[in-house]
Each structure stands twice: as structure tokens, then as C-alpha cells.
2 protein chains.
Amino acid sequence: MQPSFEQQLINKKVKPTAMRLLVLEILNKELNAISLSDLVAKFEYAEKSTLFRTLKTFEEKRLIHRIDDGSGIVKYALCNNECDDIHEDEHIHFVCTQCKNTICLNEVKLPTIELPNNFTLKNLQITAKGICNKCNS
Amino acid sequence: MQPSFEQQLINKKVKPTAMRLLVLEILNKELNAISLSDLVAKFEYAEKSTLFRTLKTFEEKRLIHRIDDGSGIVKYALCNNECDDIHEDEHIHFVCTQCKNTICLNEVKLPTIELPNNFTLKNLQITAKGICNKCNS
DNA sequence: CTTAACTTTGCAACTTGGTTGCACAAAAAA
DNA sequence: TTTTTTGTGCAACCAAGTTGCAAAGTTAAG
Ligand SMILES: [Mn+2]
Ligand SMILES: [Mn+2]
Ligand SMILES: [Zn+2]
Ligand SMILES: [Zn+2]
């Protein structure tokens, strides 16, 4: 059984305010990665800056991770639970060119890349573009 | 022997104006990918919008390719010549976390990625972060 | 050569995403 | 309760990217 939203926040040492609970609820419902503006749009009346800071806090406290899918707009998605220690977000993101959704592909293994001499790799950021499973069916 | 800048433009069906020649010259000198603001900074007195449109034209006419290296700022680099037909920019980009340069790694092979069922891949965008050869030596 | 048509440039203005300062409200600590 | 810390609302700001429009420059037609 899933911990309550409140418990999720407390676990990550984030004070569970009303605002934060609402945002966490949205992020839990959401299948795809969402941007700040996406988030703002989900409220009838919302303060962009408050939501911005909420996302920032969530990221710092490792509830969510930040995704740059090449669209120029940063998106966020819930971390999978293993994220506690590493918080590396070592997985591929898929951008559907049709429905425009950005999806975390947690299952797909990251490839190994051979860099030229004297280049040291810290991390890989991979975005796959194409048609998603929903649009394909 | 390299074709002149003027010839490079004519080959790609771009009218060789003074402005465009200057920009192409800069891009040819430049080893790393540069942003619009980088480009603006290379002129003592320059119109952002003109340079913007120059880059746009160059991209459309396939003299340069656009790079999203995850910094949130789009950068541009000369296409290698094979680009004529495909213009896919199928290579990895490397971002040095120290000198902040973005480098096209034309040599490195793109890996093959296995996507989940019903996902169709159109293209992969890979950014490797770490320390570049210069900073490492 | 002269005029008309089209292209490029300069300049100002605007949009959007992201970010900050500040004052007030709310909560926690003393 | 008073003090201190934390969160929120609001306005303002910044940078990147983009556009409308008119002037300047080029090319094509008469
Ligand atoms: Mn992800
Ligand atoms: Mn490149
Ligand atoms: Zn889709
Ligand atoms: Zn470097």
C-alpha cells in the first residue's frame, strides 16, 4: 500500500502544507512529466512563484526530478522510490512527437558510450523522440 | 581545399550578404557550439534579431545544426558536409562541466536503444556531461 | 536607365519561462 | 505570549527567443 501524500512529504522532510499536498497529488496522478506552466494551468487560481518554489523544494528534497527533454522547457516527474540515495535520474525520457508528452522510461537500460581519449563521463542525458505507445495503438 | 565562405553559402543556396559571411566565418573558426548571445557578443555592434534570422536561415538551409545540450539555451554548430541529404545530426554532444563548452562528438557511434512495446523511435538526442579533453590535460 | 518587386536589415516591442525582493500570514520554537 | 522561522502572494524583473514594420539594398522587368 502507498503511503499517504502527507506521509510522502514527511518522509522526505518536507512540511506538508496545503499547497504542497495539492501539488504532490497532481504529480502522483500525472503519468507524464509536467512543466511549471502545466502545473499552473491545473489550478483555477494559482501563484506561479509559489508553485515554482514548491517544485524547487520538491526537487531539492528529491521527491521529483527535473527533465530536460530538448523542448527548452524543463519538466518534472515523481522520482521512483529508489531515488533516495542516488538521485541520478539515470533513465531515458521519451518525447512523443504526436501527443507531445514526455514519458520517463524507467525500464530501459542506459547504453554504454565510448568517449574519445581524455574525455571523462559524469552522466548521460538521453531523449528518444518518436511515437508513444498510446499514439501508436 | 576548402571552398570559400562565399562559395559555401552559394552551395547551400543562401545569398552571401556581408552579415552572413561574417557569421559563417565565425562559425567556421569556432570549435564549440555557440548560442545566439554568444554570437551577438562576438560583434562590437550587432542586431540580435538579424543574427537570429541569420542562424535561422543557416539552419533551414542546412549549414548549421541546432543543439539542445540541456542547458536551456540552444546552440549551433556547423554541419559536417555529409549533412546535405540527411541533416539528422546523429551524433553525441558533450558538455564540459568545467569550461562549459559544448562539443560535437562526430566520431562517437550512437548506441542502439531498445524501447518498450509500441514505442516507435524517430531519433535519439544524447548529451554526455563530464570533463573535456582540454580541461583534463 | 527606371521602375517595380522582392529580400535583408535595424529597431522597437513583445512573449514566455524562469526567478527574486519584499511584506504579510502561518507555524514552530522559546 | 512573544520571538523566530518558514511559507505564500504579489509585483517586478531578467534572459532568450521571436515578431511587425519600415527603411535600405538587391534583383528583375519594362
Ligand atoms: Mn524521468
Ligand atoms: Mn553537433
Ligand atoms: Zn504520443
Ligand atoms: Zn572543458
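Protein chains get the first letters and strands the later ones, always in sequence-line order, with residue 1 at the start of each. Everything quoted here is computed from the prediction, not taken from an experiment.
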For D/dT18, does either OP1 or OP2 sit under 4.0 Å from a side-chain N or O belonging to B/Ser49?
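Indeed not, no polar side-chain atom of B/Ser49 lies that close.
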Report yes if at least one side-chain N or O of A/Arg53 is closer than 4.0 Å to OP1 or OP2 of C/dT19; otherwise report no.
no
Using the side-chain contact (heavy atoms from CB on, under 4.5 Å) criterion, which residues pair with A/Glu107? Sequence neighbours excluded.
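Counting only residues at least two positions away or on another chain, A/Glu107 forms a side-chain contact (heavy atoms from CB on, under 4.5 Å) with A/Leu105, B/Pro116.
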Rounded to the Å, how far apart are [X] [atom1] and [N] [atom2]?
{"X": "A/Ile73", "N": "D/dA15", "atom1": "CD1", "atom2": "P", "answer": "20 Å"}
{"X": "A/Leu39", "N": "C/dT19", "atom1": "CG", "atom2": "P", "answer": "15 Å"}
{"X": "A/Tyr76", "N": "C/dG18", "atom1": "OH", "atom2": "P", "answer": "7 Å"}
{"X": "A/Leu22", "N": "D/dT8", "atom1": "CG", "atom2": "P", "answer": "10 Å"}
{"X": "A/Glu60", "N": "D/dT6", "atom1": "CD", "atom2": "P", "answer": "13 Å"}
{"X": "A/Leu51", "N": "D/dT8", "atom1": "CG", "atom2": "P", "answer": "9 Å"}
{"X": "A/Asp69", "N": "C/dG17", "atom1": "CG", "atom2": "C1'", "answer": "14 Å"}
{"X": "A/Arg20", "N": "D/dT6", "atom1": "CZ", "atom2": "P", "answer": "11 Å"}

Are A/Asn136 and B/Thr120 close enough that a side-chain donor and a side-chain acceptor fall under 3.5 Å?
yes
Along DNA chain D (nearest heavy atom to each residue), the more 5'-positioned of B/Phe52 and B/Lys15
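The residue whose closest nucleotide sits nearer the 5' end is B/Phe52.
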Which nucleotide sits closest to the side chain of [X]: [options]?
{"X": "A/Thr50", "options": "C/dT9, D/dG17, D/dG9", "answer": "D/dG9"}
{"X": "B/Lys48", "options": "D/dA16, D/dG9, C/dC11", "answer": "D/dA16"}
{"X": "B/Glu47", "options": "C/dC11, D/dA16, D/dT8", "answer": "C/dC11"}

Qualifying residue, where the test is side-chain hydrogen bond (donor to acceptor under 3.5 Å, both in side chains) with A/Lys75 and the options are A/Asn101, A/Asp38, A/Asp69
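Going through the options one by one, the only one that passes is A/Asp69.
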Could you pull out all residues at least two apart from A/Phe5 that satisfy ring pair (Phe, Tyr, Trp, His ring centres under 6.0 Å)?
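A/Phe5 satisfies ring pair (Phe, Tyr, Trp, His ring centres under 6.0 Å) with no other residue.
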Do A/Lys109 and B/Glu114 meet the salt-bridge criterion of a basic N to acidic O distance under 4.0 Å?
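Salt bridge flag = no for A/Lys109 with B/Glu114.
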NA contact type, A/Thr17, heavy-atom cut-off 4.0 Å: base, sugar-phosphate, or nothing?
sugar-phosphate
